[in-house]
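Only one structure is covered here, and it is reproduced in the block below.
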Amino acid sequence: MQILFLHDNFPAQFGFIGTYLAGKGWDVWFGTQRKGAGHDTIKVFNYKPHRAVTKDIHPYAANFERACLTGQGVARAAIDLAKKGLKPDVVVAHSGWGPGVYVKDIWPQCRYVGYFEWFYRRNAPDTVFMGEKDQNIDQQLRTRSRNAAIMMDLAACDVGICPTEFQKDQFPDCFKSKLHVMHDGIDTHTYKPARGARLKLSSLDLSSVNELVTYVARGMEPYRGFPEFMRSLATLQKMRPNMHAVIVGEDRVAYGKPLPKGETYKQKMLAELSLDMDRVHFTGLLPRTDYLAVLQASSLHTYLTVPFVLSWSMMESMSAGCAILASDTPPVREMLVDGVHGATVDMKDCDAVAEKMAHLLADEALRHSYGDAARRAMETHYAQRDAFPAKQALFEAVARGDIAAA
């Protein structure tokens, strides 16, 4: 069986399942825009747009032209790769960015599995949560237009995959029969508890700290509750004088709008708040081993998000047995039951966030109970050892043309 994964990044959501399938004897290929990407058992190649988006193009059309250029880049790479034996039975492509828009034209014989993360719509849960529900007509039209490439993938794919029920719920009802909810799977073997662990990295030694609050995100932004976390932390420092906080992530915006004039949310929060910076530690991005060490040493992990795509870090922290305080939002509630696997809170109420953090830090037995339950939930429902065979079975059914079985 020959399978091709297409994703602008690498390994992204497809690297682990690709490695698994290669180990099962599949001929696995991966197309990506990431330069220098390579793998021992996956055949990796690059594609790229041959030019930038047209200057002064209509703003509604810019994302679609970018997707078309990306799809064209895949097509151009495919012409040469066909000579090297690439004729995939199944193609899996990350939707919305363009690599899959011409899959059925490039390989008419293949079965196409679309990987769908989000559908943009007026009054979407993330924008409503952030108080942006009263969009003007220009914003509404721009939002609808962002779905152009996604709609092409929805129409062309034989089957679609959404990682969570919450994400599937964002799509129009007429497409939901095509969409299967299948999470990518969590490496519960690696992300496991280490009760009593202390944090000691090459650049940060907190091995003497007894209370460690952790926060992880790709960027420091409102979508992941960074301003609310920092405001809560300022209050918490007064309540827990021996508590330290470790913040993992880059000083940038990964989702949503950046601040004007190049200001970052980290700069804004540090200017706004009076913090004891001897007890606040920004690590930047970390290697996986250091990131895991942060989770395993965490006394309390804080995960705050608007209703949007759930971060892997939340599920990895659950797998690592962290006691978690999370925002009371739909994607979180799909994974974490308040009072069972952790605690939830209205992230907009920073005083309530700080009070719950202080309460959990003061109750070690409760934290251990939450962490143990969170670990069991990930092992039972989201472990890679179960997710990978299920996804392999879906790909095999699709390849046979047995869409009903998929």
Side-chain angles (χ1 to χ4, degrees), residues 125-133 166 210-217 219-249 255-256 265-266 268-277 279-282 295 298-311 313-315 317-318 322-371 373-374 377:
D126 55 332
T127 55
V128 171
F129 185 90
M130 298 179 74
E132 300 175 9
K133 66 179 182 177
F166 171 73
N210 293 318
E211 287 188 358
L212 187 63
V213 172
T214 55
Y215 172 97
V216 174
M220 301 178 191
E221 60 208 348
Y223 258 71
R224 298 311 189 196
F226 177 75
E228 290 82 0
F229 173 77
M230 294 300 290
R231 292 179 183 122
S232 303
L233 185 62
T235 301
L236 183 65
Q237 283 193 332
K238 300 171 185 176
M239 304 167 75
R240 307 294 296 184
N242 297 316
M243 177 275 306
H244 284 244
V246 171
I247 300 166
V248 179
Y255 303 108
Y265 283 99
K266 177 183 176 182
K268 180 178 172 63
M269 289 300 102
L270 293 182
E272 173 186 315
L273 301 169
S274 177
L275 291 161
D276 177 359
M277 294 305 297
R279 293 191 285 139
V280 181
H281 311 277
F282 291 93
L295 295 181
S298 175
S299 307
L300 177 64
H301 185 70
T302 307
Y303 178 73
L304 305 178
T305 184
V306 306
F308 191 57
V309 176
L310 193 76
S311 306
S313 66
M314 177 183 161
M315 300 177 73
S317 65
M318 292 178 71
C322 291
I324 299 173
L325 177 63
S327 54
D328 185 15
T329 50
V332 168
R333 291 196 294 267
E334 186 172 336
M335 304 291 163
L336 183 150
V337 176
D338 181 43
V340 177
H341 311 108
T344 60
V345 66
D346 177 1
M347 65 181 261
K348 294 180 180 179
D349 187 343
C350 295
D351 287 339
V353 174
E355 288 171 7
K356 281 210 169 185
M357 292 166 79
H359 171 73
L360 288 166
L361 287 171
D363 194 333
E364 184 178 15
L366 182 59
R367 297 201 312 273
H368 287 170
S369 173
Y370 285 166

*asked:* Apply side-chain contact (heavy atoms from CB on, under 4.5 Å) to residues F166 and E334 and explain how you reach the verdict.
replied: CA-CA 7 Å; F166 171 73; E334 186 172 336; 3.4 Å; yes
Ignoring hydrogens and angles, tell me if any N or O in the side chain of [X] forms a donor-acceptor pair with the backbone of [Y] under 3.5 Å.
X    : Y    : result
E228 : D349 : no
H341 : V337 : yes
K356 : V345 : no
D328 : D346 : no
T329 : P331 : no
R231 : C350 : no
T305 : R224 : no
S317 : S313 : yes
K348 : F129 : yes

Should [X] and [Y] count as side-chain neighbours, where that means a heavy-atom distance under 4.5 Å?
X    : Y    : result
H301 : V216 : yes
M243 : N210 : no
V306 : T127 : no

Atom [atom1] of [X] and atom [atom2] of [Y]: how far apart are they, to the nearest 0.5 Å?
X    : Y    : atom1 : atom2 : result
Y370 : L300 : OH    : CG    : 11.0 Å
L295 : I324 : CG    : CD1   : 9.0 Å
L233 : L273 : CG    : CG    : 8.5 Å
L304 : T344 : CG    : OG1   : 11.0 Å
E355 : L236 : CD    : CG    : 10.5 Å
H359 : L366 : NE2   : CG    : 5.5 Å

*Check step by step if ring-ring contact (aromatic ring centres under 6.0 Å, His included) holds for F229 and Y215.*
CA-CA 8 Å; F229 173 77; Y215 172 97; 4.7 Å; yes
_Charged tip of K266 within 45° of F226 ring normal and under 6.0 Å_ = no
_side chain to side chain donor-acceptor pair (under 3.5 Å): pairs with one or both residues in residues 233-244, sequence neighbours excluded_ = E211-R240, H244-H281
*Quick one: salt bridge (charged side-chain N to carboxylate O under 4.0 Å, His left out) partners of D276, sequence neighbours excluded?*
R279
If you take all heavy atoms of [X] and [Y], which pair is closest and at what distance?
X    : Y    : result
A354 : S232 : CB-O, 3.6 Å
Y265 : M220 : CB-O, 3.4 Å
C322 : A374 : O-CB, 4.4 Å
P222 : M130 : CB-CE, 3.7 Å
A343 : L360 : CB-CD1, 4.2 Å
S299 : L361 : CB-CD2, 4.0 Å

*Name of the residue among L310, T214, L325 meeting side-chain contact (heavy atoms from CB on, under 4.5 Å) with Y303*: L310
*ring pair (Phe, Tyr, Trp, His ring centres under 6.0 Å) partners for F308, two or more places apart*: W118, Y223, Y255
